[in-house]
Amino acid sequence: MAILFTTSWSKDTGRWIPALKENLPDFEIVTYTRDGEPVDWDAIDYAIVWQPPPGILKQCKNLKAIFNMGAGVDGILANADLPENIPIVRLVDPCLTEGMVEYVVHWVLHFHRGFHVYRDYQAQNKWRPHWYPRPSDRRVGILGLGELGGACAKQLVQMGFDVAGWSRSQKNITGVDSFYGHDQFEPFLNRSQILVCLLPLTKETEGIIDKKALAALPEKSFLINAARGKHVVGDDLVAALDAGNPLAAALDVFDEEPLPADSPIWQHPKIIVTPHVASLTSPQTASAEIAKDIYLISEGKPPRHIVDMSRGY
Ligand code: NAP
Ligand code: GLV
């Protein structure tokens, strides 16, 4: 029994292989890099991938499932020659969720308490304390109330924030106002003083944070994008920031990654850049989650978190 492991995160191979061997001791782990070393494709039962080289998955004639090494599947679904009728399983992992909750809570608190302003004051040697509202008077809106958005919403509710979320289907999360569907998008934006994007990237959500959406935000708003760069129309965001609303944005993800060294985004005074690190996949916990699904499949049961190809997430 063999598992194909291929990732564009080549630096991580040294941490993944021992973790996979520990969790799946009965499997041979076949690593494939872009150098294209020979592989017995027919022997491969499962593939664990991030941005796999085009064409290789289709060569595995006995594949039972493909495991994506992250939550977002936009990268793998863009692969033009995926094998048909093989389930693609996305990563749902407590460690990935924890990391995202930390990231979102960090930036919500940063903007809520006005720490972005003290950054500017410090550059001017200015000592100027200012007041801040209670969390219950701060309305946070989360685009996408799935595994990650839902966990962030729950944590922010626990901290006393006034939280709403927008999703495709209606949600019932204690303390969270559920907005859903196209018609409730604008009312949701109208109340979101801190807007957090945790949507998957699909053809419906690409460019969703555009000029019109930004104009629907209340005055003195903030944006946190921890999903994918293509959710935001970059020029519209820069124009809105330059015009004064949103007041600031924390961006973890970009249309082009790495963000090119000559991008004006780096130096924009109202944008905080992090290099796609909102939440990193841990080889240890992710291997354990993948192993649970492989054992489910070997018992004739379906794996959890299969990607719905018609919805694209
Ligand atoms: P998920 O569990 O699939 O949740 C997606 C949420 O978005 C669901 O609530 C879904 O609504 C909603 N949604 C999808 N399409 C929609 C639409 N057209 N209109 C309204 N709502 C829509 O995904 P997740 O695990 O939370 O992950 C979210 C994204 O985070 C990933 O796709 C990935 O791109 C990103 N991510 C980024 C990092 C990072 O480090 N920056 C790390 C991990 C993940 P329903 O619940 O009604 O289906
Ligand atoms: C990271 O961006 C992920 O999708 O897990």
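Quick caveat: nothing in here was measured; it's all calculated off a predicted structure. Note that ligands are numbered from 1 as they come in the structure, with each ligand's atoms numbered from 1 the same way. We number each residue from 1, following the sequence as shown.
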Is there any N or O on [X] that sits under 3.5 Å from an N or O of ligand 1?
X	result
Gly144	no
Leu145	yes
Val73	no
Thr202	no

Going by the angle between their ring planes, with limits at 30° and 60°, are [X] and [Y] parallel, tilted or perpendicular?
X	Y	value
His106	His110	parallel
Phe161	His112	perpendicular
Tyr46	Phe27	perpendicular
Phe222	Phe111	parallel

Practice problem: Could you pull out the closest heavy-atom pair between Asp183 and Pro187, with the gap in Å? | Solution: O-CD, 3.5 Å
Quiz prompt | Minimum-distance pair of heavy atoms, taken over all atoms of Val176 and Gly165 | solution = CG1-N, 3.9 Å
Option nearest [atom] (shortest heavy-atom distance, choices [options]):
atom	options	result
atom 26 (O) of ligand 1	Asp93, Leu199, Leu148	Leu148
atom 33 (C) of ligand 1	Arg228, His276, His305, Glu206	Arg228
atom 4 (O) of ligand 1	Ser169, Gly312, Ala226, Gly146	Gly146
atom 46 (O) of ligand 1	Arg168, Lys171, Lys230	Lys171
atom 14 (C) of ligand 1	Phe185, Trp166, Tyr313, Phe179	Tyr313

Answer yes or no for [X]: is there a heavy-atom contact with ligand 1 below 4.0 Å?
X	answer
Leu198	yes
Arg311	yes
Ser279	yes

Heavy atom of the protein closest to [atom] (residue, atom name, distance):
atom	answer
atom 38 (C) of ligand 1	Met100 CE, 3.4 Å
atom 7 (O) of ligand 1	Pro200 CD, 3.3 Å
atom 17 (C) of ligand 1	Thr205 CG2, 4.1 Å

What part of [X], side chain, backbone, both or neither, has a heavy atom within less than 4.0 angstrom of ligand 1?
X	answer
Val253	side chain
Asp252	side chain
Glu204	side chain

Quiz item: Are His268 and Asp242 linked by a side-chain donor-acceptor pair shorter than 3.5 Å?
Solution: yes
Quiz item: Do Asp162 and Ser136 get their side chains close enough for a donor-acceptor pair, meaning under 3.5 Å?
Solution: no
Quiz item: Which of the atoms in ligand 2, numbered in the order shown and given with their element, are less than 4.0 Å from a heavy-atom of Ala71?
Solution: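 This gives 3 (C), 4 (O), 5 (O) as the contact atoms.
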Quiz item: In terms of atom number and element, which parts of ligand 2 are under 4.0 angstrom from non-hydrogen atoms of His276?
Solution: 1 (C), 2 (O)
Exercise. Just jot down the ligand 1 atoms closer than 4.0 angstrom to any heavy atom of Arg90, in number order.
Key: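 Matching atoms, with element in brackets: 1 (P), 2 (O), 3 (O), 23 (O), 24 (P), 25 (O).
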Quiz item: For ligand 1, which atoms have a heavy atom of Ala278 less than 4.0 angstrom away?
Solution: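 Near Ala278, the atoms of ligand 1 are 39 (C), 40 (O), 41 (N).
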Validation row, ring centre [X] to ring centre [Y] under 6.0 Å:
X	Y	answer
Tyr32	Trp41	yes
His130	Tyr118	yes
Trp16	Phe5	yes
Trp166	Phe185	yes

Quiz item: Of the backbone atoms (N, CA, C, O) and the side-chain heavy atoms from C-beta on, which set of Met69 has a member under 4.0 Å from an atom of ligand 2: side chain, backbone, both, or neither?
Solution: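 Neither; nothing of Met69 gets under 4.0 Å from ligand 2.
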Quiz item: Given the rule that I, L, V, M, F, W and Y join up when any side-chain heavy atoms are under 4.5 Å apart, are Val157 and Ile224 in one cluster?
Solution: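 Yes.
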Quiz prompt | Geometric cation-pi criterion Arg113 and Tyr132, 6.0 Å radius, 45° cone | solution = yes
Quiz prompt | Evaluation steps, side-chain hydrogen bond (donor to acceptor under 3.5 Å, both in side chains), between Asp252 and Thr274 | solution = CA-CA 5 Å; Asp252 185 55; Thr274 50; 2.7 Å; yes
Exercise. Please say whether Leu96 places an N or O atom under 3.5 Å from an N or O atom belonging to ligand 2.
Key: no
Quiz prompt | Within-shell test, Arg228 vs ligand 2, heavy atom, strictly < 4.0 Å | solution = yes
